[in-house]
Number of protein chains: 2
Amino acid sequence: MTTRKDIHNSDIPVLCQSCEARHGGVCAALDNHQLQALSKASWKRKVEPGTELVGDAEAVGSYSNVLSGVVKLTKGLSDGRQQIVGLQFAPDFLGRPFKVESRLGAEATTDVTLCSFPKAAVERMMKESPGLEHRLLQQTLAELDDARDWMVTLGRKTAGEKVASFLLLIARNIDPASPPPAEKTTFDLPLTRADIADFLGLTIETVSRQLTKLRADGVITIENNRHVIVESLERLELRCGD
Amino acid sequence: MTTRKDIHNSDIPVLCQSCEARHGGVCAALDNHQLQALSKASWKRKVEPGTELVGDAEAVGSYSNVLSGVVKLTKGLSDGRQQIVGLQFAPDFLGRPFKVESRLGAEATTDVTLCSFPKAAVERMMKESPGLEHRLLQQTLAELDDARDWMVTLGRKTAGEKVASFLLLIARNIDPASPPPAEKTTFDLPLTRADIADFLGLTIETVSRQLTKLRADGVITIENNRHVIVESLERLELRCGD
DNA sequence: TCGGCGCTTTGATGTCGATCAACTTTGACG
DNA sequence: CGTCAAAGTTGATCGACATCAAAGCGCCGA
């Protein structure tokens, strides 16, 4: 293990020292001692876009923290229609506690760094430390709020409003380190047009047309299909409908 | 208070004795002692359809359990468009822990019985008893699963599939006492056509037409606009698309 | 440098659900 | 009962987004 031997207050496992999840994520609920215990059983990994992290009806043996990149959560209908039901950014927690089966697909849409723990270790720690469960409840409540916001987008917004809402969501979440930008910003789209369509309940053609319109109206600029420059966040917000 | 004086194992507050929430709900996580403490500060109330329980951006001073009836959770866009983002049946917990403001409207759609507690009492009890927080996490995770299921319905299903999915949802949840029915069943719609439309992201006309079609195809019968007889749950399921 | 392949854009046409406009049913109250 | 308002149904038309089809445009390997 890559930790120092002496018991000391600043004795944070090397693995965790520069970790996003130790601040905003669930690990923030753990003290150094617990962090040590968990880090012994945990491992870091890097995966490429398109890597399936959890199959649709698959038993999951581990939980993870997203340390960088974006993970899409998907649900499918029997005839192949798909809906993305959530995006996980760093330092989000990935996994469905208290359930063996997942009902959800999870797939990296960009390069993703993960820190994974065995299910059992997390669940044991949750029993011992109410703080961890509290933290998890907080994140789950936040995800529920997000999901409900998105239900409004899916159910009641026009195609134009949907695409604007999507861009705003990305602009506000893509960079885990800095707070949401205020006026002008720039980022790489973490999703293909097909993924954006599956997230918004649209087709790729409609997504493309709406992006073109935003570009024509001078709200955004797009370079190389992926890189977006938001000229005016304020004007983008106006197009979200809410 | 309406409790007996002697400390005894079967010493359950009268208020709680015949209560749904003591079994499936959050109160199931409390021992008799805690139940007593909480019931001292809690009160039961009956409200009529249309009663606003929580305003859209209102500070909430209490949590509640739904003991009977149906509550709709709504979100609105600035121009008046509305989306119902969830339905709460007995014995669901109503309220958003750890947040003063709600961002959500809550309104009774049928006659509703509630058991309400002051926010502070619940939060104090949550600190003392990890079981309660655990229970709340469980319900929140279940609600998140439901919300994500509904995102698929909103984003990817046709009008016909949406209406069928709605009827199935009601059939499975309207009666808190019995388990989901298997073949034939009957219930009163807890929502008006306008509410159904807001739940499904459709218009009332489209909802009406789809109900008419289900009736014409012999899948359901409707009496007095509200009472639904599902002739074949199996055939209804086939029309949900998943 | 050149194909070739995947992703994206753009255009023409089609369709499902929205909108607009009667009309009917239900239920509350005299 | 008869009246009235609210809720629901039905029909005609419209429009937003889907579908079908054909280019563009990187980007990679030979």
Side-chain angles (χ1 to χ4, degrees), chain A residues 48-50 72 77 79-83 107 109-111 153-167 188-217 220-228 239 241, chain B residues 48-50 72 77 79-83 107 109-111 153-167 188-217 220-228 239 241:
Chain A
E48 297 193 326
K72 67 175 178 185
L77 263 32
D79 63 357
R81 280 174 287 175
Q82 266 217 345
Q83 177 69 42
E107 190 179 314
T109 66
T110 63
D111 282 312
T153 302
L154 289 172
R156 286 303 186 198
K157 288 189 185 175
T158 65
E161 291 168 338
K162 284 181 178 181
V163 171
S165 304
F166 167 73
L167 291 176
D188 277 358
L189 284 175
L191 270 61
T192 65
R193 303 294 189 269
D195 280 338
I196 299 174
D198 280 347
F199 192 30
L200 295 171
L202 298 170
T203 58
I204 52 175
E205 292 94 331
T206 300
V207 171
S208 177
R209 278 185 246 271
Q210 294 301 332
L211 286 172
T212 304
K213 194 185 320 184
L214 283 173
R215 216 174 343 157
D217 295 354
I220 60 171
T221 311
I222 302 184
E223 289 168 356
N224 299 330
N225 283 341
R226 283 293 187 123
H227 191 71
V228 175
R239 289 175 175 250
Chain B
E48 296 194 329
K72 66 173 177 186
L77 262 31
D79 63 356
R81 281 174 286 176
Q82 267 217 345
Q83 176 68 43
E107 190 180 314
T109 65
T110 63
D111 283 313
T153 302
L154 289 172
R156 288 302 186 198
K157 288 190 185 176
T158 65
E161 291 168 339
K162 285 181 177 182
V163 171
S165 303
F166 168 73
L167 291 176
D188 278 359
L189 283 176
L191 270 61
T192 65
R193 301 293 188 271
D195 281 337
I196 299 173
D198 280 346
F199 192 31
L200 295 172
L202 298 170
T203 58
I204 53 175
E205 291 95 330
T206 299
V207 171
S208 178
R209 278 186 246 272
Q210 294 301 331
L211 286 172
T212 304
K213 196 191 308 192
L214 283 172
R215 215 174 344 157
D217 295 354
I220 60 170
T221 311
I222 302 184
E223 288 168 357
N224 299 332
N225 284 340
R226 284 292 189 125
H227 191 72
V228 174
R239 289 176 176 248

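These numbers come from a predicted model, not from an experiment. Sequence lines set the chain letters: A, B, ... in the order given, protein chains first and strands last, and positions in each chain run from 1.
Atom CG of A:L189 and atom C1' of C:dC7 are 13 Å apart (whole Å). Atom P of nucleotide C:dC7 and atom CD of A:E205 are separated by 14 Å, given to the nearest angstrom. For B:K213 and D:dG11, the NZ to P distance is 14 Å, given to the nearest whole Å. The separation between A:N225 atom CG and D:dC27 atom P is 8 Å, rounded to whole Å. Between the NZ atom of A:K162 and the C1' atom of D:dC17 there is a distance of 9 Å, given to the nearest Å. B:H227 places its NE2 atom 15 Å from the P atom of C:dT26, with the value rounded to the nearest Å.
The base of D:dG26 does not come close enough to the side chain of A:R226 for any donor and acceptor atom to sit less than 3.5 Å apart. Side-chain atoms of A:Q210 stay outside donor-acceptor range of the base of D:dC17, with no qualifying N/O pair under 3.5 Å. Side-chain atoms of A:R209 come within donor-acceptor range of the base of D:dT19, with a qualifying N/O pair under 3.5 Å.
Note on A:I204: nothing from the nucleic acid sits closer than 4.0 angstrom, heavy atoms only. B:G160 comes within 4.0 angstrom of no nucleic acid atom, judged by non-hydrogen atoms across all strands. Within the 4.0 angstrom heavy-atom criterion, only backbone atoms of the sugar-phosphate kind lie near B:T192; the bases stay farther away. Looking at heavy-atom distances under 4.0 Å, A:L202 makes contact with sugar-phosphate atoms alone, never a base.
Ranking D:dG11, C:dG11, D:dT9 by closeness to the B:S208 side chain, first place goes to D:dT9. If you check C:dT26, C:dT19, C:dA18 against the side chain of B:T206, the one that comes closest is C:dA18. Out of C:dA18, D:dC17, C:dT9, the shortest distance to the side chain of A:A159 is found at D:dC17.
B:R193 has no side-chain polar atom (N or O) that falls below the 4.0 Å cut-off from OP1 or OP2 of D:dA7. When the side-chain nitrogen and oxygen atoms of B:T212 are compared with OP1 and OP2 of D:dT10, one or more of them lie within a distance under 4.0 Å. Note on A:R215: a side-chain N or O is less than 4.0 Å away from OP1 or OP2 of C:dT9.
Across A:D198, A:T110, A:T109, a single residue satisfies side-chain contact (heavy atoms from CB on, under 4.5 Å) together with A:K72, and that is A:T109.
Comparing B:T158 and A:I222 along DNA chain C, the residue whose closest nucleotide (by nearest heavy atom) sits nearer the 5' end is A:I222.
For the pair B:P190 and B:R226, the tightest heavy-atom approach, listed with the atom from each and the gap, is C-NH1, 3.8 Å.
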